[in-house]
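First the structure, in the form of structure tokens, and then the observations on it.
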Amino acid sequence: MLEKKNTILIVDDEEEIRKMLSIFLDAADFKVCECDSGKQALRMSASVRPDLILLDLGLPDIDGKEVITKIREWSNVPIVVLTARSEDADAAPALNTGADDYVTKPFSAEVLLARINANLRKSAVKEVGDPEIVHGPIRMDLVRHEVFIDDERIGFTPKEYDLLRFFLVNRGRMLTHKQILKEVWGPAHLEDTQYLRVYIGQVRDKLETRPGLGKSIVSESGIGYRMDLVN
């Protein structure tokens, strides 16, 4: 599929729960990653960059609230805490630490899915003030990860989508090569300017669904790119 699926990171030391959640979330059309420890959760939250984290507080190596604290030092990714009924008292401290929501085990699939979708939508709204970005003929649905040009849905790969979103959020601003590479690909790719040029070309080609729209992404030699304002 060309459209990007939302990625959910499951952090739980019980294999049966991870398996059950993976099956359910995959059926709901999410991309799923999983791990069984706090340290691994911290590594994967940085490398995978999930759209939402389902976090069990009772981890074998690090307390779940410490995991939340460390993630909140650099990320606002939505975190939904999973607690057993006997651990309900831990929910409030977890929320105060930076978690966004909690679900008590055992939970119904419908309730969990509703909480996940609510927090994904809230995250999208927090990012730009609205669940979609509209710029001239371009409309980007931040919840469904879909792009429309003149109301026609255009297939964007995940990186093309992320690149276009960064331009739309910062439209009218000059963005340096390193700013774009850091935001879209991460700090390890700050020198991959040729890689960036290839993706800029691909995004421009897809914007040409409306002739001339691809030219709205303007390059400044040796500096970076800017998305011009369009009607």
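Since we're looking at a predicted model, the values are computed, not measured. Residues take their numbers from the sequence shown, with the count starting at 1.
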*Going only through I, L, V, M, F, W and Y residues with side-chain contacts under 4.5 Å, is there a path from L190 to L175?*
no

_Nearest-0.5 Å distance, OG1 of residue T176 to NZ of residue K182_ = 10.0 Å

*For the side chain of D51 and the backbone of T7, is there at least one donor-acceptor N/O pair under 3.5 Å apart?*
yes

*asked:* When you compare the side chain of R173 with that of M227, does any pair of heavy atoms fall below 4.5 Å?
replied: no

*Drop me the distance from S216's OG to R226's CZ, to the nearest 0.5 angstrom.*
10.5 Å

*Would E208 and K215 count as a salt bridge (Lys or Arg N to Asp or Glu O under 4.0 Å) if you check the C-alpha gap in whole Å, the side-chain angles of each, and the deciding distance to 0.1 Å?*
CA-CA 8 Å; E208 281 297 315; K215 295 178 181 178; over 6 Å; no

_Closest approach of F30 to L120 (non-hydrogen atoms, all atoms of both residues)_ = CE2-CD1, 3.7 Å

_Matching residue for C33 among L9, I53, V11 - test: side chain to side chain contact (heavy atoms under 4.5 Å, CB included)_ = L9

*Any side-chain heavy atom of K5 sitting closer than 4.5 Å to one from D29?*
yes

*V103 and F24: same hydrophobic cluster, using ILVMFWY side-chain contacts below 4.5 Å?*
yes

*asked:* If only side-chain N and O atoms count, and only distance matters, is there a donor-acceptor pair under 3.5 Å linking T209 with E152?
replied: no

_Any non-hydrogen side-chain atom of D192 less than 4.5 Å from a side-chain atom of W185?_
no

_Can you confirm whether I8 sits close enough to L21 that some side-chain heavy atom of one is under 4.5 Å from a side-chain heavy atom of the other?_
no

*Can you see which heavy atom on D26 is nearest to which on V32, and at what distance?*
N-CG2, 4.1 Å

*What are the two closest heavy atoms between G98 and R72, and how far apart are they?*
O-NE, 2.9 Å

*What closest approach, in Å, do V77 and P50 show between heavy atoms, and which atom pair accounts for it?*
CG2-O, 3.3 Å

_Polar side chain donor-acceptor pair, Q40 to R43, under 3.5 angstrom_ = no

*What heavy-atom pair brings K65 and A94 nearest, and what distance separates the two atoms?*
CD-N, 3.9 Å

*Look up atom NE2 in H135 and atom CG in L164, then write down how far apart they are to the nearest 0.5 Å.*
9.5 Å

*Supply the atom-to-atom distance L57 CG to E66 CD, rounded to the nearest 0.5 angstrom.*
12.5 Å

*Could you check D56 against K105 for salt bridge (Lys or Arg N to Asp or Glu O under 4.0 Å), going step by step and ending with a plain yes or no?*
CA-CA 10 Å; D56 179 51; K105 303 176 188 176; 3.2 Å; yes

*Calculate, to the nearest 0.5 Å, the distance between atoms OG1 and NZ belonging to T193 and K178 respectively.*
10.0 Å

*asked:* D141 vs I133, test: side-chain contact (heavy atoms from CB on, under 4.5 Å). Steps then yes/no.
replied: CA-CA 7 Å; D141 187 319; I133 305 173; over 6 Å; no

_Validation row: L95, V81 side chains within 4.5 angstrom (heavy atoms)_ = no

*Are the side chain of K206 and the backbone of G155 linked by a donor-acceptor contact shorter than 3.5 Å?*
yes

*List the steps, then state whether side-chain contact (heavy atoms from CB on, under 4.5 Å) holds for L207 with I138.*
CA-CA 8 Å; L207 291 178; I138 307 168; 3.9 Å; yes

*Could you tell me whether a side-chain N or O of R171 sits under 3.5 Å from a main-chain N or O of D228, the two making a donor and an acceptor?*
no

*Quick one: does V80's side chain get under 4.5 Å of L52's, heavy atoms only?*
yes

*Is any NZ, NE, NH1 or NH2 atom of the basic residue among R139 and E146 found under 4.0 Å from an Asp or Glu carboxylate oxygen of the other?*
no

*Kindly say whether D150 contributes a backbone atom to a donor-acceptor pair with the side chain of R210 at under 3.5 angstrom?*
no

*Quick one: hydrophobic cluster around I223, which other residues, with the 4.5 Å side-chain cut-off, linked directly or via members?*
M174

*Between S45 and W74, does a side-chain contact (heavy atoms from CB on, under 4.5 Å) hold up when you go through it step by step?*
CA-CA 10 Å; S45 64; W74 64 273; 3.6 Å; yes

*asked:* Restricting to non-hydrogen atoms, name the atom on H145 and the atom on Y161 that form the minimum distance, rounded to 0.1 Å.
replied: ND1-CE2, 3.2 Å

_Working note: F167 + I200, criterion side-chain contact (heavy atoms from CB on, under 4.5 Å); need CA distance, chi angles, decisive distance, verdict._
CA-CA 10 Å; F167 275 122; I200 292 287; 3.4 Å; yes

*Under 3.5 Å, is there a donor-acceptor pair linking the side chains of D100 and N119?*
no

*State, with a plain yes or no, whether a side-chain heavy atom of I180 is found less than 4.5 Å away from one of L196.*
yes

*Would you say Y195 and L163 are hydrophobically clustered, going by side-chain heavy atoms of ILVMFWY under 4.5 Å?*
yes

*Roughly how far apart are F156 CZ and Q202 CD, rounded to 0.5 Å?*
10.5 Å

*Short question: side chain of D61, backbone of G38 - any donor-acceptor pair under 3.5 Å?*
yes

*asked:* With a 4.5 Å cut-off on side-chain heavy-atom distances among I, L, V, M, F, W and Y, is there a chain of contacts connecting I23 to I10?
replied: no

_pair I68-K70: side-chain heavy atoms closer than 4.5 Å_ = no

*Could you give me the CA-CA distance, side-chain angles and deciding distance for D12 and R18, then say whether salt bridge (Lys or Arg N to Asp or Glu O under 4.0 Å) is met?*
CA-CA 6 Å; D12 198 302; R18 294 199 311 274; 5.7 Å; no

*Report whether M20 and V111 are members of the same hydrophobic cluster (ILVMFWY, side-chain heavy atoms less than 4.5 Å apart, transitive linking).*
no

